[in-house]
Amino acid sequence: MKVVRTIGELELDGEVGLVPTMGAFHAGHVSLFEAARAENDIVVASLFVNPAQFDEESDLARYPRDEGRDAEIAAATGVDVLFAPSADEMYPAGFSTWVDPGSTGSEGSARPGHFRGVATVCLKLFNIVRPSRAYFGQKDAQQVAVVRRMVLDLDLGVRVRVLPTVRDEDGLALSSRNVLLSPSERERALGLPRALAGAVGADDPVAAARAALNGLEPDYVDVLDLGGARVLAAAVRVGSVRLIDNVIVKGALP
Ligand code: PAF
């Protein structure tokens, strides 16, 4: 596996699958790498903790980073190129063009500016890497909706693949932020997947999930459309860590 830090050094010949990431790899990322490996000649994983999508300074400062470990995991999963640019490489002096993704649902309202940063960096990565396919996790359902809309609206021609959320045995959705939870916070965090799972099939899944959150304060609980699927999504804060999760209540992931 080659680690590439500059746009100029990227030379890709063949059909490319891109897995955009912010590092701190877990089994969810590995499932994206494996899916990309199965469908493309070349697999590129980008590793860039994108400052533009953090709406809280403290969240950016403590976001987990371990490039050495990430490189080992990526190489072992068949990633060909790890594209790990600096912030200056992605946002050089004078950078001033942004993608405004328009309406971005409850998650967008809870995190002003977040999806502008996500859409901008994804468009840049698509233009830099020119992938045939790009891979995202269902856990970030609103992100998937934003990227799909952008691909359609801007005629990008990238196929957006969505892989199911990977969970720990107890049901907690894998997230790079989980390492920031203390043992007791992690226990409380289980209230989120349990509330969502219990609300599937309810007449009013939003009300059912809200009622089952067991004292966890939600930023929102909402139902959103993800292609052919209806997804019950929520965000909660456990201590200082914000967690999101969702379950399909109708249909299937496209
Ligand atoms: O899901 C993520 O890790 C990020 O939002 C992404 C898609 C890599 C853009 O920075």
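Whatever order the structure lists them in is the order used to number ligands and atoms, beginning at 1. Computed over heavy atoms, backbone and side chain alike; hydrogens, waters and symmetry mates excluded.
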Q. At what distance is the nearest protein heavy atom to atom 5 (O) of ligand 1, and which residue and atom is it?
A. Q143 OE1, 2.6 Å

Q | E9/K2 salt bridge by N-O under 4.0 Å criterion | A | no

Q.
Please list, in number order, the atoms of ligand 1 under 4.0 Å from a heavy atom of P20.
A. 8 (C)

Q: Among residues two or more places apart or on two chains, list those pairs meeting side chain to side chain donor-acceptor pair (under 3.5 Å) that have a residue in residues 88-104.
A: N50-Y91

Q.
Please list the nearest protein heavy atom to atom 3 (O) of ligand 1 with its residue and the distance rounded to 0.1 Å.
A. M22 CG, 3.5 Å

Q | Fellow cluster residues of F115, listed by chain then number, with links counted only when side-chain atoms sit under 4.5 Å apart | A | V118, V146

Q) Going by the order shown, which atoms of ligand 1 are within less than 4.0 Å of some heavy atom of T21? A) 8 (C)

Q) In ligand 1, which numbered atoms sit nearer than 4.0 Å to a non-hydrogen atom of V121? A) 9 (C), 10 (O)

Q | Ion pair check, D245 and K139, cut-off under 4.0 Å | A | no

Q. Does D168 come within less than 4.0 Å of R186, counting only side-chain N to carboxylate O?
A. yes

Q: Kindly confirm or rule out an N or O of Q53 lying under 3.5 angstrom from an N or O of ligand 1.
A: yes

